[in-house]
Structure formats: structure tokens, C-alpha cells
Colleague: 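Take this structure, written in C-alpha cells, and hold onto it; I'll ask about it next.
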There are 2 protein chains.
Amino acid sequence: MASSKKRSECPISTSLEIWGDKWSLLIIRDLMFKKQCTYGDFLKSEEKIATNILASRLLVLEENNIIVKLEHPESKAKVLYRLTEKGIELFPVLVEISLWAEKYYDIPKERESIIAKAKNNKTEFIAKGIQKMKEGLN
Amino acid sequence: MASSKKRSECPISTSLEIWGDKWSLLIIRDLMFKKQCTYGDFLKSEEKIATNILASRLLVLEENNIIVKLEHPESKAKVLYRLTEKGIELFPVLVEISLWAEKYYDIPKERESIIAKAKNNKTEFIAKGIQKMKEGLN
DNA sequence: ATTTATTACTTGTATATTGCAAGTGATTTT
DNA sequence: AAAATCACTTGCAATATACAAGTAATAAAT
């Protein structure tokens, strides 16, 4: 269900085959902003992903080692999803997407300050963001 | 046919609604590598995009001012597609995707040297790439 | 203890997008 | 004038998405 054979050896094509759709990067975005999410947390996001799509995207991301499932410390009924290192390393991609959008579209007020920061010293912003997220892996 | 209402104000979501699919960034990639392409050039790419999808993606990219159609200097039967400034500004996104893929997947030999260059001095690599492409706009 | 609510999903069905093969009309080459 | 090339379009099957509802396991409330 998840994978057939590669279209090509192009790294961009390979990447798009995994997360090149309208939803996967939003799941990854949520995990970067909120560090850990339950299934229900994803459903609560503004974009209103359908539950069957969420389930299928989470599976693909998990199969490709971009996210992992963890047990919730407080409830056996809940599952926590978290980014792996491989998932965290997608941060620069999301930053560049945000910076591109900021040039050509209106940005919500509450994002302005963080985008300004990213723009101001991109290299450092990315490095620190990744570093912080990787600390959370332990 | 192209646009309904936005899912959200999130810049990442906005971007994905335009080019968040398996094909659009490959079209943009081709235009970055080859500067200008005819319809047939896109069809020749390794990934073998279907012609109806190509037509629909080109339309969306054009509607969103990411590419433009130009007349071919040598033939009235051909159409040239080229990136706009807005399209060129997607270069950093493609670079980061490539660098991510390079960490986790095998890269074709002929791409190794350029990816090494990008990795070595990312900021400069991106700036120069964009500069060069923008020169081609005149 | 038993009902009620939450949780992470699954299932069913309608609609939209993609994939593939073939076709069309305008040019261009022979 | 005929054949080839060009940028697409069309038709249809396959797949993916959207929306609504359902299920089994756990947890909370009574």
C-alpha cells in the first residue's frame, strides 16, 4: 500500500514520493511546533485533515522513519507521535517554505515575529531549532 | 478548477495548496536546471509525468505566477516555459530538500558534486544560484 | 460495578485527482 | 501535399481524498 518502485534517483523526486502531498508536511509542522502530538491533536489543527488520511499519512511517515509512536505517560489509551532525527532534519525545508510564503502572501500576526527571526539570521535560527528539537529526543 | 478557499492562514499550508503534490516541484526543478523548457521537455524527464497532469500543473503554476509562457524564438508551434522571480525564489526550498535527501538516501553520482557544493557553503550557493537565474530574466 | 466519554483508529461511500492511451488541430519539415 | 512534430485535450480506469459514521480499548463519572 505504501511504496512501489521509485520514479527516479533524483533526491527531490525521492523526497516527494514520501511526503510530497498536501498533508504530510502539516503533520510534521505540528510536531515541530508542539514537539509531541496525539492523534486527536492532529485532528484539531486548523486545516481539518480527515481521519482516514491522517491515519494513512502517519503510517507512511512512520514506515519511512520520520516519526515514531511512543506510549503516553499518563494514559494507555493515548499514543504520542514524535519526530525522529530524520524528521527533525526537515526543519530547514519548512523554514524555507515559510520564508518563501512570507515574501508573496500575508502571514498571520502571531507568526510574524518568528519568521522575522528566521529571516534575520537563517543559519543560526535553523541550527538552534534543530539543536533544541534533538535535545528532546532523550 | 484551480482554487477554492484556503484551509488556513499558515504559510506552509498556503504553499502546499499551490505546489504541494508529487509533480509541481519536479517541473520547477527542471526549469531551474534547464532554465527554459518546452512542454515536450517536461515529458522527457525521467519521472514520466502524464501529459494531462503536466498540463494541469503548468496551468496552476502559471495562475500563481510561478512560471510564465513565452513564445519560442524559432518556432510558433513551440511554447517556452520559464520561472518568474517568484518561482526562482523557490530555489532554497529545493536545495534544502536535496540536502535532506542526501543525508538519508543514495544520490546519483552526477549530482554529488553539486550537492557537496551546496552543503559546503549553503548561504552562498543559494545566493549565487538565485542571482544567476534572475539574470536570465532580462 | 456500570454507564458514559475519550481515545485511536477503521469502514463505507461520494467525489476528486492521477495514470494511461489515444486523439486533435496547428505548425513544420520533407 | 504528406508526414512528422508540437502543445495540448479527451475518455476512462485506478487511486486518493473528503466526509460521516462506526468500533474496540481504555478512562472517567455515577
Side-chain angles (χ1 to χ4, degrees), chain A residues 1-8 13 16-28 30-31 34 36-64 67-82, chain B residues 1-8 13 16-28 30-31 34 36-64 67-82:
Chain A
M1 180 223 194
S3 55
S4 55
K5 62 199 158 300
K6 273 185 170 190
R7 296 182 292 190
S8 79
S13 174
L16 293 177
E17 291 199 76
I18 299 170
W19 46 258
D21 69 279
K22 285 207 184 57
W23 295 107
S24 297
L25 287 183
L26 297 183
I27 292 172
I28 292 164
D30 284 352
L31 287 170
K34 301 189 244 172
Q36 296 185 327
C37 293
T38 62
Y39 194 89
D41 290 336
F42 293 117
L43 291 178
K44 278 175 216 138
S45 284
E46 213 186 344
E47 293 86 6
K48 297 278 161 264
I49 187 170
T51 81
N52 55 343
I53 298 175
L54 176 58
S56 90
R57 295 290 113 192
L58 287 172
L59 184 64
V60 171
L61 291 174
E62 199 192 351
E63 286 172 344
N64 286 280
I67 62 174
V68 273
K69 281 163 108 166
L70 303 172
E71 43 181 51
H72 196 287
E74 286 160 17
S75 164
K76 260 175 131 178
K78 294 187 185 176
V79 176
L80 276 180
Y81 288 94
R82 201 181 61 185
Chain B
M1 181 224 194
S3 54
S4 54
K5 61 199 160 301
K6 273 184 168 192
R7 296 181 292 191
S8 80
S13 174
L16 293 178
E17 291 198 76
I18 300 170
W19 46 257
D21 68 280
K22 284 206 186 56
W23 296 106
S24 298
L25 288 182
L26 296 183
I27 292 172
I28 293 164
D30 284 353
L31 287 170
K34 300 188 245 171
Q36 297 184 327
C37 292
T38 63
Y39 193 89
D41 289 336
F42 293 118
L43 290 179
K44 278 175 216 139
S45 285
E46 213 184 345
E47 292 86 7
K48 297 278 159 266
I49 187 170
T51 81
N52 55 343
I53 298 174
L54 176 57
S56 90
R57 294 289 112 194
L58 288 172
L59 184 64
V60 172
L61 291 174
E62 200 193 350
E63 286 171 345
N64 286 281
I67 63 174
V68 273
K69 280 163 109 167
L70 303 172
E71 42 182 51
H72 195 287
E74 288 161 17
S75 165
K76 258 177 134 179
K78 293 186 187 177
V79 177
L80 275 181
Y81 289 93
R82 200 182 61 186

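Each chain gets a letter, A, B and so on, in the order the sequences are listed, and its residues count up from 1.
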Colleague: If the condition is side-chain contact (heavy atoms from CB on, under 4.5 Å), which residues does A:K34 pass it with, not counting sequence neighbours?
Modeller: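 Once residues adjacent in sequence are excluded, the partners of A:K34 under the side-chain contact (heavy atoms from CB on, under 4.5 Å) criterion are A:D30, A:C37, A:S45.
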Colleague: Let me see the working for B:I53 and B:W23 under side-chain contact (heavy atoms from CB on, under 4.5 Å), right down to the final yes or no.
Modeller: CA-CA 8 Å; B:I53 298 174; B:W23 296 106; 3.8 Å; yes
Colleague: Under the rule for side-chain hydrogen bond (donor to acceptor under 3.5 Å, both in side chains), what residues qualify as partners of A:D21, not counting sequence neighbours?
Modeller: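 With neighbours one apart ignored, the set is A:S24, A:R57.
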Colleague: Quick one: is C:dT17 close enough that its OP1 or OP2 comes under 4.0 Å of any side-chain N or O from B:W23?
Modeller: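 No, outside the criterion.
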Colleague: Identify the pairs formed between an N or O of the protein and an N or O of nucleotides 20-22 of chain C at a distance under 3.5 Å, and give each distance.
Modeller:
from: C:dC20; atom 1: N4; to: B:N52; atom 2: OD1; distance (Å): 3.4
from: C:dC20; atom 1: N4; to: B:N52; atom 2: ND2; distance (Å): 2.7

Colleague: Using five pairs at either end of the helix from C:dA1-D:dT30 to C:dT30-D:dA1, determine the angle between the two local helix axes and round it to 10 degrees.
Modeller: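 The angle, to the nearest 10 degrees, is 10°.
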Colleague: Does a nitrogen or oxygen in the side chain of A:R57 sit under 4.0 Å from OP1 or OP2 of D:dA16?
Modeller: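 No.
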Colleague: Of the options D:dT17, C:dT10, C:dT18, whose atoms approach the side-chain atoms of A:D21 most closely?
Modeller: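 The listed nucleotide nearest to A:D21's side chain is D:dT17.
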Colleague: Going by heavy atoms in the side chains, are B:Y81 and B:L58 under 4.5 Å from each other?
Modeller: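 Yes; the side chains approach each other to less than 4.5 Å.
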Colleague: For the residue pair A:I49 and A:F42, what are the closest heavy atoms and their distance?
Modeller: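 That would be CG2-O, 4.1 Å.
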Colleague: Tell me the interatomic distance from B:L16, atom CG, to D:dT17, atom P, rounded to whole angstroms.
Modeller: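 After rounding, the reported distance stands at 13 Å.
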Colleague: A:I53 has an atom CD1; how far is it from atom C1' of C:dT10, in whole Å?
Modeller: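 So the CD1-C1' distance, A:I53 to C:dT10, works out to 14 Å.
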Colleague: Once you round it to whole Å, what is the distance between P of D:dC19 and CD of A:E47?
Modeller: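 After rounding, the reported distance stands at 13 Å.
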Colleague: Round to the nearest Å and state the distance from B:L54 atom CG to C:dT17 atom P.
Modeller: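 Atom-to-atom, B:L54 to C:dT17, this comes out as 17 Å.
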Colleague: B:Q36: which residues meet the side-chain contact (heavy atoms from CB on, under 4.5 Å) condition with it, sequence neighbours left out?
Modeller: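 Per chain and number, B:Q36 pairs via side-chain contact (heavy atoms from CB on, under 4.5 Å) with B:L70, B:L80, B:R82.
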Colleague: Who pairs with A:K22 by side-chain contact (heavy atoms from CB on, under 4.5 Å), at least two apart in sequence or on another chain?
Modeller: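 Applying side-chain contact (heavy atoms from CB on, under 4.5 Å) to A:K22 gives B:R7.
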Colleague: Spell out protein contact along nucleotides 22-30 of chain D as letters: B when the base is contacted, S when just the sugar-phosphate is, - when no protein heavy atom is under 4.0 Å; keep the 5' to 3' order.
Modeller: ----SS---
Colleague: Using whole Å, report how far CD of B:E71 lies from P of C:dT28.
Modeller: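 Distance check: B:E71 CD to C:dT28 P gives 11 Å.
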Colleague: Can you tell me which residue pairs pass the salt bridge (Lys or Arg N to Asp or Glu O under 4.0 Å) test with a partner in residues 70-80 of chain B, sequence neighbours excluded?
Modeller: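 Every candidate salt bridge (Lys or Arg N to Asp or Glu O under 4.0 Å) pair involving residues 70-80 of chain B fails, so no pair, neighbours aside, qualifies.
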Colleague: For C:dT7, does OP1 or OP2 lie under 4.0 Å from any side-chain N or O of A:Y81?
Modeller: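 A:Y81 to C:dT7 OP1/OP2: no side-chain N or O under 4.0 Å.
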Colleague: Let me confirm one number: the CG-CG distance from B:N64 to B:L59, rounded to the nearest 0.5 Å.
Modeller: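 The CG atom of B:N64 sits 9.5 Å away from the CG atom of B:L59.
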Colleague: Return the value, rounded to whole Å, for the distance between atom NZ of B:K44 and atom P of D:dC6.
Modeller: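 Taking atom P of D:dC6 as the reference, NZ of B:K44 is at 6 Å.
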Colleague: In terms of side-chain heavy atoms of A:Y39, which of C:dT18, C:dC9, D:dT17 is nearest?
Modeller: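 Nearest nucleotide to the side chain: C:dC9.
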Colleague: Calculate, to the nearest 0.5 Å, the distance between atoms CG and CD1 belonging to B:L61 and B:I28 respectively.
Modeller: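 That separation rounds to 5.0 Å.
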Colleague: Using side-chain contact (heavy atoms from CB on, under 4.5 Å) as the criterion, list what pairs up with A:T51, not counting sequence neighbours.
Modeller: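 Here the qualifying residues are A:Y39, A:L43.
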Colleague: Test of understanding: with salt bridge (Lys or Arg N to Asp or Glu O under 4.0 Å), list the residues that count as partners of A:K44, not counting sequence neighbours.
Modeller: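 Result, salt bridge (Lys or Arg N to Asp or Glu O under 4.0 Å) vs A:K44: A:D41.
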Colleague: Quick one: A:D41 CG to C:dC9 C1', roughly how many Å, whole number?
Modeller: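 In whole Å, C:dC9 C1' and A:D41 CG are 15 Å from each other.
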Colleague: Just the rounded figure in Å: distance from P of D:dT17 to CG of A:L43.
Modeller: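 Interatomic distance, CG of A:L43 to P of D:dT17: 16 Å.
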Colleague: Mapping A:T38 and A:K22 onto DNA chain C by nearest heavy atom, which one lands closer to the 5' end?
Modeller: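 Per heavy-atom nearest nucleotide, the more 5' residue is A:T38.
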